[in-house]
Amino acid sequence: MSEIGEFGLIDRIATLAETTLPAVPELLTGIGDDCAVYSPSAKLLQVATTDMLVDQVHFDLLTTPLRHLGSKAISVNVSDICAMNALPRYALISLAVPDSFSVQMVEELYQGMSHAAKEYGLAIAGGDTSSSRSGLFISISMIGEVAEEKLTRRSGAQPGELLCITGSLGGAAAGLKLLMREKEIMLNHIENNESYQRNVMADLQEYREAIQQQLLPLARIDIIRFFHSRHIRPSSMIDISDGLSPDLQHLCRHSNVGAMIEEGRIPIHGSTRRIADELQDDALTWALTGGEEYQLLFTIPKEEYRVIADNKAISVIGETTDRKEGVQLSDIYGMKIDLSSIRGFDHFNQ
Ligand SMILES: [Mg+2]
């Protein structure tokens, strides 16, 4: 890194960022001046979010390819933008990079970011780089846009509406457990001076889906485009970054409603169940408390169900209720469990 210096690095980053610009004509100036310049459409609201990823807190470089990490850092912000029923437009990226990183490593990280940005149709408009004495930090701020009549908050749910979730749950937690097991195997090999030649992604083929959900989650921008094309505005929405149970409780608290969800309706992929069996763990607990799913949880009035019924990526998991009913899960035997009694899944300390 010291060979090319900070300005050399910025030049290389700028080259990668420039490839994201054509998709966003409203961005008049990207990297290269003191500020990015964006020309917002007068009719749209802007939404803004920021998210920080910290080495050893949110990721482990032993089990995370840098390109995947870059992509994930973009996706987690896009997911928050999507949770407002908005579409992402541009991002500002700040990196603090340890001296042990080579230029190539920073470029790999950035390649993941610019690739993901292009997929989501947003521009990388600027940022900052610094050296770090304690691991890698990635901080991304993102701006999105939405028409006022489409904006969706956490607070709009009414009792008696349908609770819906996209995709399937538990896969990201399954992937994390597998990667932690893999890391242990790797460290044992290193300790015993044996060579470690497994390529995590290639040798764990059978677990591909779960590991991909952990390392390379995709924000559900497809669902937002579907909503817009069908003129659907959910009454409330949140993205599942902490886990279904805590995020459902957030939504209910903001909307001042209760909820009843049914275990049998929570979508859990067959491969997630197999991994849970193999690791002697519980797929339902992963689905309820495993974070980092980046699926969308939303409510719609019952009479609007027919508008979303044909979308296979959406499952109805229950209904909102009166606030005093609390937030409950009805298990497959019909037993009611208070979700606030279930402990959360803390990323590296579960
Ligand atoms: Mg969120």
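In what follows, residues are counted from 1 in the order of the sequence shown.
Identified under the side-chain hydrogen bond (donor to acceptor under 3.5 Å, both in side chains) test for residues 145-158, with sequence neighbours left out: Y38-E145.
Summarising the local packing, CD of E26 is surrounded by more than 12 heavy atoms from other residues, nucleotides or ligands at distances under 6.0 Å. No more than 12 heavy atoms of other residues, nucleotides or ligands lie within 6.0 Å of NE2 in H115, so this atom counts as exposed by the packing criterion.
With a 4.5 Å cut-off on side-chain heavy atoms, I124 and M113 count as touching. Side-chain atoms of L69 and L61, non-hydrogen and from C-beta on, do get closer than 4.5 Å to each other. Annotation: side chain of H228 is in contact with side chain of I224 (closest heavy-atom distance under 4.5 Å). You'll find the side chain of V97 reaches within 4.5 Å of the side chain of L136, heavy atoms only. Using a 4.5 Å heavy-atom threshold, the side chains of I93 and I74 count as touching. For the pair I221 and P88, the minimum side-chain heavy-atom distance is below 4.5 Å. Taking the side chain as every heavy atom from C-beta outward, I261 and L248 approach each other to under 4.5 Å. Side-chain atoms of L163 and V316, non-hydrogen and from C-beta on, never get closer than 4.5 Å to each other.
Nearest approach of V146 to A86, heavy atoms of both residues: CB-CB, 3.6 Å. Closest of all the heavy-atom pairs between Y120 and P217 is OH-O, 4.3 Å. Smallest separation of non-hydrogen atoms from I81 and M142: CD1-O, 3.8 Å. Across every non-hydrogen atom of A96 and P98, the tightest pair is O-CD, 4.0 Å. Of all the heavy atoms in D242 and P246, the pair that sits closest is O-CG, 3.6 Å. For the pair P234 and I300, the tightest heavy-atom approach, listed with the atom from each and the gap, is CA-CG2, 3.9 Å.
Considering only residues two or more places apart in sequence or on other chains, R225 meets the salt bridge (Lys or Arg N to Asp or Glu O under 4.0 Å) condition with none of them. By the ring-ring contact (aromatic ring centres under 6.0 Å, His included) test, Y294 is found to be paired with no residue, residues two or more places apart in sequence or in another chain being considered.
Between R181 and E278, at least one side-chain N (NZ, or NE/NH1/NH2) sits under 4.0 Å from a carboxylate O, which counts as a salt bridge. Checked for salt-bridge contact, R12 and E107 meet the test: a charged N lies under 4.0 Å from a carboxylate O. For the pair D310 and R230, the salt-bridge criterion is met [side-chain N within less than 4.0 Å of a carboxylate O].
Residues S139 and S94 bring no donor and acceptor atom of their side chains to less than 3.5 Å of each other. When only modelled atom types and interatomic distance are considered, K177 and Q214 share no side-chain donor-acceptor pair under 3.5 Å. Side-chain atoms of Q213 and E209 include no donor-acceptor pair closer than 3.5 Å. For T299 and T320, the side-chain atoms include no donor-acceptor pair closer than 3.5 Å. In the model, S330 has no side-chain atom that pairs as donor or acceptor with a side-chain atom of E262 under 3.5 Å.
Separating the CG atom in L151 from the CG atom in L45 is a distance of 6.0 Å, to the nearest 0.5 Å. Separating the OG1 atom in T166 from the CZ atom in R220 is a distance of 4.5 Å, to the nearest 0.5 Å. Taken from OG in S131 to CG in D99, the straight-line distance is 5.5 Å, to the nearest 0.5 Å. Once rounded to the nearest 0.5 Å, the distance linking CD of E293 with OG of S79 reads 10.5 Å.
With hydrogens and angles disregarded, a donor-acceptor distance shorter than 3.5 Å links the side chain of T64 to the backbone of D60. Between the T15 side chain and the D11 main chain, a donor and an acceptor come within less than 3.5 Å of each other. Put simply, the side chain of D33 never gets that close to the backbone of C35: no donor and acceptor are under 3.5 Å apart. Counting only distance, with no hydrogens or angles, the side chain of N77 and the backbone of A73 share a donor-acceptor pair below 3.5 Å. No donor-acceptor distance shorter than 3.5 angstrom exists from the side chain of S245 to the backbone of L288, with no hydrogens or angles considered. Between the side chain of D322 and the main chain of E325, no donor-acceptor pair closer than 3.5 Å is present.
Connection of V78 to L16 is established within a shared hydrophobic cluster, with ILVMFWY side chains joined at heavy-atom distances below 4.5 Å, either directly or through further cluster members. No continuous path of hydrophobic side-chain contacts links L27 to I140 [ILVMFWY only; heavy atoms under 4.5 Å]. In the hydrophobic clustering of this structure, V24 does not group with L92; members are Ile, Leu, Val, Met, Phe, Trp, Tyr whose side-chain heavy atoms approach within less than 4.5 Å, directly or through other members. F59 and V76 are members of different hydrophobic clusters when ILVMFWY side chains are connected at heavy-atom separations under 4.5 Å. Connection of L251 to I266 is established within a shared hydrophobic cluster, with ILVMFWY side chains joined at heavy-atom distances below 4.5 Å, either directly or through further cluster members.
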Side chain to side chain contact (heavy atoms under 4.5 Å, CB included) between E304 and I308, intermediate numbers included: CA-CA 7 Å; E304 282 178 32; I308 59 159; over 6 Å; no

Using side chain to side chain contact (heavy atoms under 4.5 Å, CB included), reason through F101 and L66 one step at a time and then give a plain yes or no. CA-CA 11 Å; F101 265 53; L66 285 163; 3.9 Å; yes

Applying side chain to side chain donor-acceptor pair (under 3.5 Å) to Y90 and T20, what does each step give before you reach the verdict? CA-CA 9 Å; Y90 67 98; T20 66; over 6 Å; no

Between E161 and S235, is the side chain to side chain donor-acceptor pair (under 3.5 Å) condition met? List the steps. CA-CA 9 Å; E161 292 184 327; S235 49; 2.7 Å; yes

Should K336 and L329 be marked as a side chain to side chain contact (heavy atoms under 4.5 Å, CB included) after you check the CA-CA gap, both sets of side-chain angles, and the distance that decides it? CA-CA 6 Å; K336 306 227 173 7; L329 170 80; over 6 Å; no

Take S340 and Q249 through the test side chain to side chain contact (heavy atoms under 4.5 Å, CB included) and record every step on the way to the result. CA-CA 8 Å; S340 63; Q249 290 174 69; 3.3 Å; yes

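Under the side-chain contact (heavy atoms from CB on, under 4.5 Å) test applied with F227, the options N311, V307, I232 reduce to a single match, I232.
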